Q: 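Sharing a structure below in structure tokens format, with a few things to ask.
Residue numbers count from 1 along this sequence. Just so it is clear, the structure is predicted and the values come from calculations on it, not from any experiment.
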Amino acid sequence: IIETPPMIAVGLVGYVRTPSGLRAVTSVWSNHLDDTFKRRMYKNWTRSKRKAFTKYEQQWASCKKGEDPKEVNRRLEFIKSYCDIVRLIAHSQVK
């Protein structure tokens, strides 16, 4: 049994096996990316313009309530049919 802090899933990455190793094919991000996760993606958060993941947020904002964007559904189907390995991207919930 491993004790861990509360974790939040924020995305999926699909991989394909190649002769030289794993190759990332596509990734899917969730609609609830917290600022604590975004801070970890930047080298210097205070000087940045904080533009990371804005396109994904726009996709989620443009779709109807309770539905997934078409691009997200397309990528999930691609991961289901084509990828050999799927990894979950998660971060700890500090608050």
Q: Quick check for you: to the nearest 0.5 Å, what is the distance between Ser30 atom OG and Phe37 atom CZ?
A: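 Separation between the atoms: 8.0 Å.
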
Q: Side chains of Tyr42 and Arg47: does their closest heavy-atom pair fall under 4.5 Å?
A: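 Answer no - side chains too far apart.
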
Q: Side-chain contact test, heavy atoms from C-beta onward, threshold under 4.5 Å: evaluate it for Leu12 versus Arg87 and give yes or no.
A: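 Contact flag for Leu12/Arg87 side chains = no.
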
Q: Side-chain contact, heavy-atom cut-off 4.5 Å: Ile79 with Val28?
A: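 In contact.
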
Q: According to salt bridge (charged side-chain N to carboxylate O under 4.0 Å, His left out), who are the partners of Arg23, at least two apart in sequence or on a separate chain?
A: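 Arg23 satisfies salt bridge (charged side-chain N to carboxylate O under 4.0 Å, His left out) with no residue once adjacent residues are dropped.
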
Q: Determine, for Glu77 against Arg74, whether the closest basic-nitrogen to carboxylate-oxygen distance falls under 4.0 angstrom.
A: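 Between Arg74 and Glu77 there is no salt bridge, as every charged N stays at least 4.0 Å from the carboxylate O atoms.
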
Q: Between the main-chain N or O of Arg40 and the side-chain N or O of His91, is there a donor-acceptor pair closer than 3.5 Å?
A: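 No; zero donor-acceptor contacts below 3.5 Å.
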
Q: How far does CH2 of Trp60 sit from CG of Leu33, to the nearest 0.5 angstrom?
A: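 That separation rounds to 10.0 Å.
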
Q: Decide yes or no for Gln59 and Asn31: does some side-chain heavy atom of the first lie under 4.5 Å from some side-chain heavy atom of the second?
A: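 Gln59 does not reach Asn31 side chain to side chain.
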
Q: Tell me whether Arg75 contacts the main-chain N or O of Thr26 through its side chain, where contact means a donor paired with an acceptor under 3.5 Å.
A: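 No.
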
Q: Within the 4.5 Å heavy-atom criterion, are Tyr82 and Val16 side-chain neighbours or not?
A: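 Yes. Closest side-chain heavy atoms under 4.5 Å.
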
Q: Using 30° and 60° as the class limits, which term best fits the ring planes of Phe53 and Trp29: parallel, tilted or perpendicular?
A: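 Taking Trp29 first and then Phe53, their aromatic rings stand perpendicular (interplane angle over 60°).
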
Q: Would Met41 end up clustered with Ile89 when hydrophobic side chains under 4.5 Å apart are linked, directly or stepwise?
A: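 As far as the 4.5 Å side-chain criterion goes, Ile89 and Met41 are connected within one cluster.
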
Q: Got Ile8 and Asp34 here, is their nearest side-chain heavy-atom distance under 4.5 Å?
A: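 The answer is no; the side chains never approach within 4.5 Å.
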
Q: Measuring from Arg39:CZ to Ser48:OG, what's the distance to the nearest 0.5 Å?
A: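 If I round to the nearest 0.5 Å, the distance is 9.0 Å.
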
Q: Quick one: list whatever passes salt bridge (charged side-chain N to carboxylate O under 4.0 Å, His left out) with Glu67, sequence neighbours left out.
A: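 Residues passing salt bridge (charged side-chain N to carboxylate O under 4.0 Å, His left out) with Glu67: none at all.
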
Q: Where is the tightest heavy-atom contact between Ala9 and Leu88, given as atom of each residue plus distance?
A: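 Minimum heavy-atom separation between Ala9 and Leu88: CB-CD1, 3.6 Å.
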
Q: Applying a strict under-4.5 Å side-chain criterion to I, L, V, M, F, W and Y, I'd like to know whether Val72 and Val10 cluster together.
A: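 Result: no, two separate clusters.
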
Q: Less than 4.0 Å between a side-chain N and a carboxylate O, is that true for Lys51 and Glu57?
A: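 Between Lys51 and Glu57 there is no salt bridge, as every charged N stays at least 4.0 Å from the carboxylate O atoms.
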
Q: Identify the heavy atoms of Val25 and Cys83 that sit nearest to each other, and give their distance.
A: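 For Val25 and Cys83, the tightest heavy-atom pair comes out as CB-SG, 4.2 Å.
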
Q: CZ/Arg17 to CD1/Ile85 distance, rounded to the nearest 0.5 angstrom?
A: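 With rounding to 0.5 Å, CZ (Arg17) is 4.0 Å from CD1 (Ile85).
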
Q: Check whether any side-chain heavy atom of Tyr15 lies under 4.5 Å from a side-chain heavy atom of Asp84, and answer yes or no.
A: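 They are not in contact (no side-chain heavy atoms under 4.5 Å apart), so the answer is no.
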
Q: Can you tell me how far apart OG (Ser62) and CD (Glu71) are? Round to the nearest 0.5 Å.
A: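 So the OG of Ser62 and the CD of Glu71 are separated by 11.0 Å.
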
Q: Which heavy-atom pair separates Pro5 from Ser92 by the least distance, and what is that distance?
A: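 Where Pro5 meets Ser92 most closely, the heavy atoms are CG-CB, 3.9 Å.
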
